[in-house]
S.K.: 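Below you'll find the structure I mean.
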Amino acid sequence: MKKDVYILGIETSCDETAASVVKNGSEIISNVVASQIESQKRFGGVVPEIASRHHVEEITLVIEKALEDAGLNPDQLDAVAVTEGPGLVGALLIGINAAKAFAFANSLPIIGVHHIAGHIYANQLVQPMVFPLLALIVSGGHTEMVIMREHGSFELIGETRDDAAGEAYDKVARVLGLPYPGGPHVDKLALASESAVEFPRAWLEPDSYDFSFSGLKSSVINYKHNLEQRGGTLDAEAVAAGFQQSVVEVLTVKALRAAKEYQVKQVIAAGGVSANKGLRNSLETTFAKENIPFSVPPIALCTDNAAMIAAAGTQMFLSDVRGDLSMNGRPGMQLVSWNH
Amino acid sequence: MIWLGIDTANSPLSVALVEDGRILCEQTSTFARTHSIQAMPAIERLLSEASLRPSDLEAIAVSEGPGSYTGVRIGVTLAKTLAWTLKIPLVGVSSLEVIAANAVPFEGVIVPMFDARRENVYCGLYKSKGERLHRIWEDRHGTLEQFLEDVACIDQPVLFIGADVDIHKTKISATLGDQAVFAPFPQQLPRASQLISLAEQRVPASDIHQFVPNYRRIPEAEANWMKEQKQVKSHD
Ligand SMILES: [Zn+2]
């Protein structure tokens with residue numbers, strides 16, 4: 001009988017301190033997230049130095065809780081998986097150094113996980129991955145499309161040339177005077193709106209899978225500016241709806257074209273912005289119509305968490321990928337295949 | 001009792017193993033690589049040289065700051081995670097005090113100093129009494145100028161100590177003249193065995209989870225935010 005694999009995941013790449021135990025890469029045994037949103041709200045965004053300070057305050061508490069919730073001792077674990085990058089370097093270093101100390105003290109192997117691989121593998125916690133698959137990753141730092149032909153193989157086919165989708169959401173939220181973090185507020189306003197202001201779509205070259213959102217962001221800013229000069233009043237709901245429609249349409253149309261071209265058997269969405277209801281609805285309806293299986297994890301697994309790091313780490317563990325105690329934070333880490 | 005000491009508060013790295021007042025191994029280096037790459041492998045090497053396992057450790061001492069924010073955090077994160085998972089006591093010691101202890105039994109006052117950029121420094125004021133070190137002023141962060149003004153009022157020789165003292169040597173001599181003395185280079189670096197010897201005299205942290213660096217300085221964003229809050233209040 002094959003032995004069960006238990007991996008402790010640790011994630012501190014931005015403003016969540018998180019730890020989780022996952023069994024066999026697919027079953028969440030515990031999942032603990034300490035969020036800093038309340039503290040970072042004061043600054044209207046994540047201040048790296050403050051994020052790092054919070055991580056030091058929370059890190060051992062969160063790991064202890066993850067083990068307690070799982071009812072496991074360190075000697076029942078098979079490895080420790082930790083986010084190695086990309087992210088805020090000072091924040092990454094807290095998770096990495098805690099992971100190294102914990103792994104060393106308990107004679108466990110350590111595995112460095114790419115944050116985006118983690119977001120993709122969050123889907124593995126919901127249903128098995130079927131290859132080839134298309135992953136659409138949308139978050140505050142990323143907008144990417146990746147083709148996976150097997151576990152641990154990543155082929156980047158498109159990415160943003162300027163702002164990430166989530167970044168555009170946060171900026172538009174600020175323009176509309178919405179509180180931090182802005183993305184969910186824009187989503188809510190957009191869904192409540194009856195009408196929508198027309199904003200452009202950035203399709204780029206006809207065959208490109210790349211994205212661009214900075215032009216759209218500027219259009220929203222200009223629209224508000226012109227309106228104010230004419231003395232008009234801003235319909236925030238209609239602006240949010242128009243902005244969201246533009247983002248969602250570009251993401252959906254490009255994902256569908258890629259899914260067809262690469263003849264994928266599954267499409268998965270990942271990253272914080274895939275918690276966006278407007279985007280989820282659009283992707284679900286579109287792929288249902290085309291009979292292409294689509295999956296997106298529940299919202300708690302779309303935003304940053306450590307279960308996804310443990311899930312990806314399990315697959316790496318099974319492929320004999322190991323890190324060592326000289327692991328450093330890699331803020332600009334590239335997503336490369338671990339299966340060649 | 002077997003102690004592990006970790007000092008990564010500034011650019012030098014120092015780790016040591018001490019058993020009942022005897023140094024088993026110690027490593028102090030100033031190679032310009034990051035602590036995240038070097039500190040944990042150094043600890044692993046130290047234990048293997050002493051033929052010890054992690055579970056043989058009985059207490060951990062860490063240099064808790066002030067110093068480089070990232071450096072201090074790496075040391076504290078390693079130390080608190082080790083102490084928590086090995087279920088052993090953790091003691092934090094001021095990183096300035098660790099350096100000052102190198103100068104015992106100097107007769108005058110001892111000023112450990114780290115550069116904090118933009119003409120600012122972290123420094124403290126200590127005095128040896130026999131073999132012991134006593135803190136005279138709280139460790140602080142401030143301008144070098146203000147600190148030198150305060151020190152000039154003390155009618156004793158002042159020993160400046162720490163790897164960053166060289167950066168400010170000219171200014172210190174210009175202000176204090178003969179009152180200022182400078183420690184020789186072997187005394188400039190923090191030594192984890194020294195850290196352990198100070199830690200042995202302390203009470204361990206009551207809650208390891210709550211153990212955090214002693215930055216001696218709030219982040220700029222937080223300072224600005226507090227200023228804004230005051231302005232908002234005064235406008236009300
Ligand atoms: Zn993320």
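Chain naming here is simple, since letters A, B, ... match the order of the sequence lines and numbering starts at 1 in each.
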S.K.: Tell me which of these, A/V47, A/I59, A/L61, A/I96, has more heavy-atom pairs under 4.5 Å with chain B than the rest.
M.R.: A/L61
S.K.: About how many Å separate CG of A/L325 and CD1 of B/I43, when rounded to the nearest 0.5 Å?
M.R.: 9.0 Å
S.K.: Tell me, for A/L93 versus chain B, whether the close heavy atoms (under 4.5 Å) come from the side chain, the backbone, both or neither.
M.R.: side chain
S.K.: Is it the case that atom CD in B/E49 sees more than 12 heavy atoms from other parts of the structure closer than 6.0 Å?
M.R.: yes
S.K.: How long is the gap from OH on B/Y215 to CZ on A/R53, to the nearest 0.5 Å?
M.R.: 5.0 Å
S.K.: Report, as yes or no, whether the 6.0 Å neighbourhood of atom CZ on B/R202 holds more than 12 heavy atoms from other residues, nucleotides or ligands.
M.R.: yes
S.K.: Should we say atom NZ of A/K224 is surrounded by more than 12 heavy atoms from elsewhere, each under 6.0 Å from it?
M.R.: yes
S.K.: Tell me, for B/L47 versus chain A, whether the close heavy atoms (under 4.5 Å) come from the side chain, the backbone, both or neither.
M.R.: side chain
S.K.: Would you call B/K80 and A/E57 a salt bridge, using N to O less than 4.0 angstrom?
M.R.: no
S.K.: Checking heavy atoms, do the side chain of A/I63, its backbone, both or neither come under 4.5 Å from chain B?
M.R.: both
S.K.: If you count heavy atoms of other groups shown closer than 6.0 angstrom to CD of B/E220, is the number above 12?
M.R.: no
S.K.: Can you tell which of B/V212, B/I218, B/L78 has the highest number of heavy-atom pairs within less than 4.5 Å of chain A?
M.R.: B/L78
S.K.: Based on non-hydrogen pairs under 4.5 Å, which of B/M40, B/H209, B/E44 is most in contact with chain A?
M.R.: B/H209
S.K.: Heavy atoms, side chains only, cut-off 4.5 Å: are A/E49 and B/E222 in contact?
M.R.: no
S.K.: Please list every donor-acceptor pair under 3.5 Å in which a side-chain atom of residues 303-310 of chain A meets a protein atom from a residue at least two apart or in another chain.
M.R.:
unit_1	atom_1	unit_2	atom_2	d
A/D304	OD1	A/H115	NE2	3.1
A/D304	OD1	A/H119	NE2	3.1
A/N305	OD1	A/A307	N	3.1
A/N305	OD1	A/M308	N	2.9
A/N305	ND2	A/L301	O	3.2
A/N305	ND2	A/T303	O	2.9

S.K.: Mind checking whether B/R73 and A/S52 have side chains closer than 4.5 Å, heavy atoms only?
M.R.: yes
S.K.: Is chain B contacted by the side chain of A/V56, its backbone, both, or neither, given a heavy-atom distance below 4.5 Å?
M.R.: both
S.K.: At a heavy-atom separation under 4.5 Å, does A/F43 approach chain B through its side chain, its backbone, both, or neither?
M.R.: side chain
S.K.: Is a side-chain donor or acceptor of A/K100 paired with a backbone partner of B/S36 at a separation under 3.5 angstrom?
M.R.: yes
S.K.: Is it the case that B/T85 and A/N106 place a side-chain donor and acceptor less than 3.5 Å from each other?
M.R.: yes
S.K.: For atom CD of B/E19, decide whether the heavy atoms of other residues, nucleotides or ligands shown that lie under 6.0 angstrom number more than 12.
M.R.: yes
S.K.: Between NE2 of A/H55 and OG1 of B/T77, what distance do you get to the nearest 0.5 Å?
M.R.: 10.5 Å
S.K.: To the nearest 0.5 angstrom, please state how far the CZ atom of A/F104 sits from the OG1 atom of B/T81.
M.R.: 13.0 Å
S.K.: What pair of heavy atoms forms the shortest contact from A/L67 to B/W84, and how long is it?
M.R.: CD1-CH2, 4.1 Å
